Asks: 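This structure is in structure tokens; I'll ask about it shortly.
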Amino acid sequence: MYMPENGSVDIIHTGAGGFGFGNAVGMSTDEIKRFQTFIAPAHCTGISGIQAKLRRIAGSPYGGPHVELYATSNGLPTGAPLASMLFGAIGTTFDVAWTPLSASGLVPGAVYAIVLGTMSYPDPKNNQRFEWAVAPVYDNLRFGKWNGKGWVDESGLGNGWLAIDIIDADNAIDVTHSGTSGCTVGQAQDQVKRYQTFLARGDQPVVGVDLKLRKIQGTTQSDVVVELYACSAHKPAGSPLATAAIPSGSIGSGWTVVNAPLRYPALAFEQEYAIVVGQRTPGSSPYEWAVGPVSRTTFFGKGNGSSWTDESSVGDGWLKVWLRPPLYPATVDVTPPAVHGNGFGDVTNEIERYQTFTLSQPSTVLGVDLMLRKFNGSGQSDVVAQLFAARGGRIAHGLEGVGGKTHGLGSTIGGLEVKPGLAAMTPVAPWGACLASGTILAGQIGTDWAVVHAPLKSAALSAGTYALVLSQRTPAPARYEWGVGAVRARCVFGKGDGRVWVDESGLGAGWTRVWISQADITIDLSHASPGGYGFGNSTNEVKRFQTFTTPGQPSYNGYSVNGLQVKVRKAFGSDQGDLIAELYRTENNRPTGLPRSTAVVPSSRITTDWTVVDLALFFDEDWFGHGLAAGRKYAVVLSQRQAHAARYEWATGPADAGEQFGKGDGASWTDESSLGGGWMKVSLIECISPN
């Protein structure tokens with residue numbers, strides 16, 4: 001499954017039927033070609049590929065259909081093709097195929113058409129016929145055929161499954177609209193919560209959610225709580241997969257677009273999910289969610305606290321789900337069926353609980369999923385998740401094995417003294433300093449079992465055994481339970497009272513999913529200087545660049561870029577356009593050629609104070625399978641969507657040896673390293689040789 005570096009126009013669905021094109025022997029029809037229209041999104045400058053769901057129903061198994069890009073008139077293709085390309089071989093069952101159809105100069109807001117057809121072979125028996133998967137999605141787009149004489153609109157059949165890789169588009173699933181009416185959410189009853197569904201375009205991480213909300217009937221609303229659910233029958237199902245909050249103070253009585261920092265490591269291709277919105281304390285001062293018609297494949301409704309009701313007839317809730325290209329992270333799973341729970345967070349002997357897991361190779365922990373619930377009341381504080389190395393021997397299940405929390409301390413087991421150095425008689429338990437920590441807000445956890453996400457990220461970890469430790473911020477009788485199931489071999493589950501660890505693996509294993517990737521490397525060009533230099537004006541500071549050099553000696557194995565941080569702020573006003581970051585090769589210590597990758601951050605996420613911005617800037621490899629080369633210099637370039645007087649500043653401090661900082665006026669680059677260096681952190685993942 002190919003995924004674009006930037007955004008995509010998605011006309012996707014789960015329909016099982018299709019309509020054909022192409023004439024194979026004995027199958028002569030007037031369906032010679034098929035077309036599907038799309039609208040170029042705002043800021044679009046071109047396309048770099050398309051995906052279509054197709055199957056071959058007759059003819060040669062070799063070779064695939066050809067694809068063309070057309071302008072349109074009155075919803076139908078017109079003129080000569082603007083670009084063309086071929087697909088590879090297509091199988092006999094519906095599957096998603098990709099081809100690098102490329103075109104520049106698209107006009108935002110203009111309607112274009114993707115046209116699929118077939119080739120004629122010298123031997124007619126090789127002529128092919130294909131089907132394009134079709135189902136209703138968007139009423140304002142057109143689907144149809146070429147019958148040999150003219151284009152025919154057959155939009156009543158539905159839409160052809162299509163995803164277009166757009167250059168300079170937001171990497172997001174877009175369920176936005178211009179509707180100005182809304183539906184209530186956050187009441188104490190009936191409209192307690194609201195949900196909006198969407199289809200995932202690929203195995204992509206979620207990095208945030210935008211909503212259009214407003215306060216009604218007063219101003220005493222509590223914070224907005226945003227949750228991600230899987231769906232069943234177009235409604236939320238099961239427990240939340242992830243949760244985030246939006247402060248009440250960031251929403252006014254007028255329509256406000258706000259961001260929830262909701263993160264989830266991997267949506268599943270073509271699966272349906274729901275964003276659920278409520279408020280921390282439902283009451284008489286609720287919110288409204290802007291509603292308007294968007295798509296037939298998305299569903300909107302309400303929840304009363306015990307059941308969900310479909311209200312899609314009123315439209316769709318305004319929603320933008322921000323994504324990044326897939327990392328395909330692996331997981332280490334300790335996920336037995338949770339049939340009971342064991343507590344943590346009290347003030348006596350269950351202050352902490354831990355679960356061990358093993359990494360088979362050097363890795364970075366990206367986050368942790370846990371099955372938790374509140375127990376013995378509802379006044380709990382936040383859950384604190386910590387990661388430790390684990391050390392010790394293994395003792396028999398059911399024996400109250402006690403080990404000192406500091407490695408090497410003596411302890412007793414069953415009344416017998418264990419001397420320092422007898423590690424084989426101490427439990428496998430957390431050891432040493434905390435390696436990483438994360439917090440799960442108390443409001444994200446209810447009294448029913450729920451899978452919640454701890455945003456815990458480690459530095460690079462070596463292969464070995466580790467322990468995840470859970471506690472609550474303020475121990476109290478109102479505590480938590482960890483979902484526990486069947487005993488797992490080589491996984492230790494236990495508790496701590498603040499002094500010693502006790503192995504209780506006989507109770508089972510705590511439900512834990514650890515998201516991991518290959519160990520990463522950070523190039524750190526950060527500093528504490530308070531000054532900065534501008535970019536994004538329309539004269540000589542259109543862009544700014546900062547170089548960085550990849551580690552090691554030049555070799556075939558290189559690096560993937562796994563994200564970027566910069567410190568910036570708004571200057572000379574507050575109506576800046578979106579921030580754009582680009583990755584370039586360099587020549588003579590300056591950017592050269594075309595961008596290798598691009599990321600966009602909405603202007604609303606940056607303030608007039610210095611802001612460290614996370615940019616979803618990723619690069620895996622070029623057409624030759626090469627990532628960033630080792631020991632080479634690259635440049636990160638910052639600009640804004642529309643250059644004008646209200647611009648940005650890049651925090652600038654002491655220059656790093658061997659690196660360059662400068663500006664661009666749109667025609668040439670100027671080295672200004674004498675001013676210092678731009679604040680920047682670049683995350684890399686080393687490409688591992690298959691040998």
Side-chain angles (χ1 to χ4, degrees), residues 175 177 179 181-199 209 211-248 251 253 255-256 258 260 262 264 271-319 321 371-375 377-380 441-452:
V175 194
H177 50 75
S181 60
C183 288
T184 302
V185 59
Q187 291 184 163
Q189 57 186 0
D190 185 40
Q191 301 177 89
V192 179
K193 295 185 177 182
R194 287 213 169 261
Y195 68 89
Q196 175 62 52
T197 73
F198 63 93
L199 286 177
V209 173
L211 302 164
K212 184 179 279 189
L213 306 172
R214 67 180 175 186
K215 292 176 176 175
I216 59 173
Q217 299 172 21
T219 58
T220 60
Q221 290 83 348
S222 58
D223 295 344
V224 172
V225 177
V226 182
E227 299 167 309
L228 173 70
Y229 280 78
C231 285
S232 176
H234 310 308
K235 297 176 182 178
S239 301
L241 303 174
T243 306
I246 303 171
S248 170
I251 304 170
S253 57
W255 287 119
T256 311
V258 287
L262 184 144
Y264 186 69
Q271 294 300 303
E272 187 177 34
Y273 294 88
I275 295 297
V276 173
V277 178
Q279 67 167 316
R280 181 94 60 200
T281 305
S284 58
S285 293
Y287 293 90
E288 273 193 339
W289 190 352
V291 176
V294 178
S295 167
R296 295 193 190 183
T297 61
T298 53
F299 296 83
F300 179 72
K302 67 181 179 181
N304 62 11
S306 60
S307 62
W308 302 102
T309 301
D310 185 348
E311 293 189 323
S312 300
S313 59
V314 303
D316 291 294
W318 197 104
L319 173 68
V321 181
M371 183 175 287
L372 305 175
R373 70 177 177 184
K374 288 177 176 173
F375 180 73
S378 58
Q380 289 83 346
L441 299 178
Q444 298 178 14
I445 305 170
T447 55
D448 295 324
W449 288 118
V451 175
V452 292

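Please read these numbers as outputs of a predicted model, since none were measured by experiment. The chain is numbered in sequence order, starting from 1.
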Asks: With K374, which residues qualify under side-chain hydrogen bond (donor to acceptor under 3.5 Å, both in side chains), at least two apart?
Replies: none

Asks: Got P286 and I216 here, is their nearest side-chain heavy-atom distance under 4.5 Å?
Replies: yes

Asks: Rounded to the nearest 0.5 Å, how far does OG of S239 lie from CG of L372?
Replies: 10.5 Å

Asks: What are the two closest heavy atoms between S248 and D223, and how far apart are they?
Replies: N-OD1, 2.9 Å

Asks: Side chain to side chain contact (heavy atoms under 4.5 Å, CB included) with V226: which residues, sequence neighbours excluded?
Replies: L211, V224, I246, A260, L262, I275

Asks: By side chain to side chain contact (heavy atoms under 4.5 Å, CB included), which residues pair with Q271, not counting sequence neighbours?
Replies: A268, Y273

Asks: If you apply the rule side-chain contact (heavy atoms from CB on, under 4.5 Å), what do you find for Y195 with D310, and how did you get there?
Replies: CA-CA 9 Å; Y195 68 89; D310 185 348; 3.9 Å; yes

Asks: Does any N or O in the side chain of W289 come within less than 3.5 Å of the main-chain N or O of W318, such that one atom is a donor and the other an acceptor?
Replies: yes

Asks: Roughly how far, to the nearest 0.5 Å, is OG1 of T243 from CG of L441?
Replies: 9.0 Å

Asks: Any pair with a residue in residues 288-298 that passes salt bridge (charged side-chain N to carboxylate O under 4.0 Å, His left out), sequence neighbours left out, goes on the list, sorted by first then second residue, please.
Replies: D139-R296, R214-E288

Asks: First locate atom CG of N304, then atom CD of Q191, and finally report the distance between them rounded to the nearest 0.5 Å.
Replies: 10.5 Å

Asks: Residues in side chain to side chain contact (heavy atoms under 4.5 Å, CB included) with V291, at least two apart?
Replies: C183, F300, V314

Asks: Can you list everything that forms a side-chain hydrogen bond (donor to acceptor under 3.5 Å, both in side chains) with T256? Sequence neighbours excluded, please.
Replies: none

Asks: What's the shortest heavy-atom distance between H177 and G317, and which atoms?
Replies: NE2-C, 4.0 Å

Asks: Output all residues satisfying side-chain hydrogen bond (donor to acceptor under 3.5 Å, both in side chains) with T297, sequence neighbours left out; order by chain, then residue number.
Replies: S295

Asks: Looking at every non-hydrogen atom in both residues, tell me the closest pair between K193 and V276 and how far apart they are.
Replies: CD-CG1, 3.7 Å

Asks: If you take all heavy atoms of S285 and T220, which pair is closest and at what distance?
Replies: OG-OG1, 3.2 Å

Asks: In Å and rounded to the nearest 0.5 Å, what is the CZ to CZ distance from F198 to F299?
Replies: 14.0 Å

Asks: Supply the atom-to-atom distance Q217 CD to Q187 CD, rounded to the nearest 0.5 angstrom.
Replies: 7.0 Å

Asks: Restricting to salt bridge (charged side-chain N to carboxylate O under 4.0 Å, His left out), what partner residues turn up for D190, sequence neighbours left out?
Replies: K302

Asks: Show every donor-acceptor pair shorter than 3.5 Å between a side-chain atom in residues 228-235 and any protein atom, with sequence neighbours excluded, or say none if there are none.
Replies:
from, atom 1, to, atom 2, distance (Å)
H234, ND1, E272, OE1, 3.0
H234, ND1, E272, OE2, 3.0
K235, NZ, W308, O, 3.4

Asks: For V225, is there any backbone N or O sitting under 3.5 Å from a side-chain donor or acceptor partner on R280?
Replies: no

Asks: Determine yes or no for a side-chain-to-main-chain donor-acceptor pair under 3.5 angstrom, with Q196 supplying the side chain and D316 the backbone.
Replies: no

Asks: To the nearest 0.5 Å, what is the distance between OH on Y264 and CG on L241?
Replies: 4.5 Å

Asks: Can you name the residues that form a side-chain hydrogen bond (donor to acceptor under 3.5 Å, both in side chains) with Q221, not counting sequence neighbours?
Replies: none

